[in-house]
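First comes the structure, then the notes that go with it.
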Amino acid sequence: MSSACASILMLAACGPGASGGGTGGSTSTSITAAWATGSAGTENSALATTIANSSEFLAVDRNYVRASTKPHAYRLIKLHNALSTGLTGSGQLVAVVDDGFLTTHEEFSGKIIHEYGIVAPYLGSDHGTHVASIATGNQGTGEIMGVAPEADLHLASFERNGILGLGYATEDAASKGAVVQNNSWGYNYSITNIQSQMSSGKSAAAALATYTTDSTADWQYYINALDEFQKTGVIVFANANTNLGDVDMSAGLPVVAPELAEAWISVSEVEFFIDASTEKILSAKLLSTPCGQAAEFCLVGDGETYAASDNANNAYEGGAGTSYTAPQVAGAVALLAEGFPSLTPGEWRDRLLASADNLFFASNIDGTTDFGGGVTHGYSDIFGHGVMNISAALQPIGDVSVVRGADLSSGTRSSLGDASISTGASYGDGLSRMLREQEMAVFDALNGDFSIRADYFVQEGKNTYQSASVDQLQDKGQSRTSLSLGDETSNVNNVLYFGAQDGLAQLQTDLGLANSLAPNVSVLSFAETATAVYQSHETSFGEYGFYGFSAQHSENLNGSLSGAGASAKFNLGNSSLRLGFNQMVESGAFLGMVGNDAFNTPTLASAQSANLSFNTDLSNGINLFGGAELGRAVGQASGDGFVTNFDGASFSGFHIGVAKADLLQKGDRVTLSLAQPIRADAGTVTMNLPVGRDKDGNIIYDQVTGNLSPSGREIDIAASYFMQPDAFSTLQFDVMYALDAGHVAGERTYGIGASFKRDLN
């Protein structure tokens, strides 16, 4: 008995212009918010620094000499980062209920200002001017800037209207499209006072009327107006500056009127101490009444600000309190409304709460809010959910998913890593090019819609170089098994290929559709472990053959290939010519294209091809050979995935070569080969891709149709040298160079291989 001892060295490398593999044909995996034109959707760190160092940004803190351990109010909420995305509040309307508005102030120049009733300064109050400028003060005009500097205003007087009038004002703001209403006013009565009144059977409106000069009917009208407003906007209420032991009766209205809890934020004021180098909050001291029973919908912030005054059109002054913390939140809502126009007010509110900084009271969590989608956030009875982080609210919260289906509540979610479509080597960059300019919507855990380039999900297949010298090492009894049936005198030859690890490699070689240097010219190369039968009939006119096969798909573990074909071989002296036809059924792929999760592929696809091959023996041991295949494939997508249709795709492949025996010594052989691996020359695919959502959570789709043909045509130039140093040994070297590698224009790859084999007795 003999055994084989062998060694092999194989090298493969990327030459000039080559690109690596991996998920996505995209050069970027950036996920950006699906925001309005003019917004980048991603933060610009350099611009954020510029904004934070600008005089208008810094001036908001001007009236307060702070130690390095005290934060700037705007830096605390990461406003500079949020504005670096390009968001400004443009096109958004901020309603402000207050008193003392100087509408001609330079901070409001150029804005659309809606006035409900008389809004001029009342009894010397300049409060409203300060509040409105913190929410929306211009950037580039005046001394300071607001949180949403390009937002417009809807103004209403608190003192002049009374509760019933504020109900009317709220309705007017809603009718004009306000996305948020700021209320930096209230009553110094705790919500517990209202609950005490209600314990005796009074309604919330009647209990509230007990502490004001307004009637129960007026309060009920106001509550109804606030409830209706929340269909299109968020209510922001400043908590009492006096510590009442609980939220005040205005800021805490949803506690006694639960219908108001949909899109409501209560705001308290806190003095913060930070690490100067990291800006991390180290400790906090409550300056107002606590969030209390409103903790689940409450935020805290720094209200020490410098802003516009009604003393003159260019006058400014400082102030402190929850009144100036609340408009920071209102301005943030305007930014979110601009960034996520398809979200509901409740969803804008939830993003601010769920992304707030609560680490500074992490050891004193009093409860946890479940926002859905696996997102939970702890809150404190004192500090609510913590300090809002506008930057975090604008970025993905929780897992980002691809969602397919009619709406976000019932749709099927797939992680970005699981949703993909692998093109297979035959398509090159065809699908990537088709999807390169297409933006596709993905959704975070709170259903915020974000955009990502659709080609991110494309995994481009590559034609992988494998040294032909490997064949010299493999034990043919294990790697390629065939059995010929029949006797030598018969004109019928039956060959059974079974358990072939290299798929239909032998059958392809027998049909003239492959050589050792070009194994992937035919659609038969998509087969992996395969069983096939081939029967040939020799006649005086030539040889006729028929074959059938069943195989596992090389691109899909759960896919399969099966088919049949016929060939006719004509002997012409020292030459032979073979013509053939192949019919193949492909399961789980389309010419090697495989989709996962949201990107589906046909359940079944069919391909028909015609092929031609030749072989010519010339003098001096020279042999010419070659083969080509042309075909067409069709497939219909099924299921609820994004791919809806595959139109007919044409494909081709060829190889041509020459071999010379006994070149340097007897028994050696030199082979040169030129080949084009199988290529999808034409064909279209149609997809319905998600591009956004509406306020009801319905997913919006766009139909995209594009050509699958790649940008290049791979041409493999290969050479091999085989020799037998002695009767027991073989030695082989080969090299390959590919132009437009992977059918991508301009790409280059090369590979080299060597093998040595010796039989030992």
Side-chain angles (χ1 to χ4, degrees), residues 22-36 39-44 78 81-82 84-87 335-336 338-344 346-356 369-377 389-421 432 435-436 438-459 595-600 640-642 687-695 697-702 704:
T23 301
S26 169
T27 57
S28 170
T29 59
S30 175
I31 301 173
T32 61
W35 294 343
S39 171
T42 53
E43 293 182 4
N44 181 321
K78 304 297 185 289
N81 300 103
S84 76
T85 65
L87 292 178
L335 295 180
L336 262 70
E338 181 188 4
F340 298 100
S342 62
L343 268 62
T344 65
E347 289 173 317
W348 296 330
R349 187 276 306 269
D350 286 352
R351 298 190 73 83
L352 287 173
L353 298 179
S355 60
T369 300
D370 185 348
F371 291 98
V375 177
T376 60
H377 198 266
N389 181 331
I390 311 176
S391 170
L394 290 169
Q395 301 306 319
I397 297 174
D399 294 332
V400 178
S401 305
V402 175
V403 186
R404 66 184 187 275
D407 57 74
L408 291 167
S409 61
S410 63
T412 302
R413 294 179 181 255
S414 304
S415 69
L416 298 188
D418 290 338
S420 64
I421 184 165
S432 294
L435 297 177
R436 191 162 293 156
Q438 178 66 38
E439 294 292 327
M440 182 176 133
V442 292
F443 302 90
D444 70 3
L446 295 188
N447 292 329
D449 50 332
F450 294 82
S451 288
I452 189 170
R453 269 176 39 178
D455 63 337
Y456 167 80
F457 298 98
V458 179
Q459 296 178 328
N596 296 300
D597 286 320
F599 292 93
N600 53 318
D640 63 350
F642 299 151
M687 298 183 182
N688 280 338
L689 294 179
V691 293
R693 54 160 288 184
D694 62 19
K695 284 189 177 291
N698 298 311
I699 301 174
I700 301 170
Y701 290 88
D702 271 356
V704 179

So, for [X] and [Y], which heavy atoms are closest and what is the spacing to 0.1 Å?
| X | Y | value |
| --- | --- | --- |
| Pro690 | Ile699 | CB-CG2, 3.8 Å |
| Leu353 | Phe371 | CB-CZ, 3.7 Å |
| Leu394 | Ala82 | CD1-CB, 3.7 Å |
| Gly692 | Ala441 | N-CB, 3.4 Å |
| Arg404 | Ser414 | NH1-OG, 3.4 Å |
| Val375 | Ala445 | CG2-CB, 3.5 Å |

Measure the spacing between [atom1] of [X] and [atom2] of [Y] and express it to the nearest 0.5 Å.
| X | Y | atom1 | atom2 | value |
| --- | --- | --- | --- | --- |
| Glu43 | Leu87 | CD | CG | 10.0 Å |
| Asp350 | Ile397 | CG | CD1 | 9.0 Å |
| Asp444 | Phe340 | CG | CZ | 6.5 Å |
| Leu336 | Leu352 | CG | CG | 5.0 Å |
| Thr42 | Gln395 | OG1 | CD | 7.5 Å |
| Tyr701 | Met440 | OH | CE | 9.0 Å |

[X]: which residues meet the side-chain hydrogen bond (donor to acceptor under 3.5 Å, both in side chains) condition with it, sequence neighbours left out?
| X | value |
| --- | --- |
| Ser415 | Asp418 |
| Asn596 | Ser420 |
| Asn698 | Asp694 |
| Asn447 | Arg413 |

I'd like to check [X] versus [Y] (side-chain heavy atoms, cut-off strictly below 4.5 Å). Are they in contact?
| X | Y | value |
| --- | --- | --- |
| Leu435 | Leu689 | yes |
| Glu439 | Arg453 | yes |
| Asp597 | Val402 | no |

**Request:** Check whether the side chains of Asp407 and Ser409 place a donor and an acceptor atom closer than 3.5 Å, and report yes or no.
**Result:**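 Yes, Ser409 and Asp407 have a side-chain donor paired with an acceptor closer than 3.5 Å.
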**Asked** Listed by chain and number, what are the side-chain contact (heavy atoms from CB on, under 4.5 Å) partners of Ser342, not counting sequence neighbours?
**Response**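 side-chain contact (heavy atoms from CB on, under 4.5 Å) check on Ser342 returns Asp449, Arg693.
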**Request:** Kindly write out the residues that satisfy ring-ring contact (aromatic ring centres under 6.0 Å, His included) with Phe599, not counting sequence neighbours, or none if the list is empty.
**Result:**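 By the ring-ring contact (aromatic ring centres under 6.0 Å, His included) rule, Phe599 matches Phe457, Phe642.
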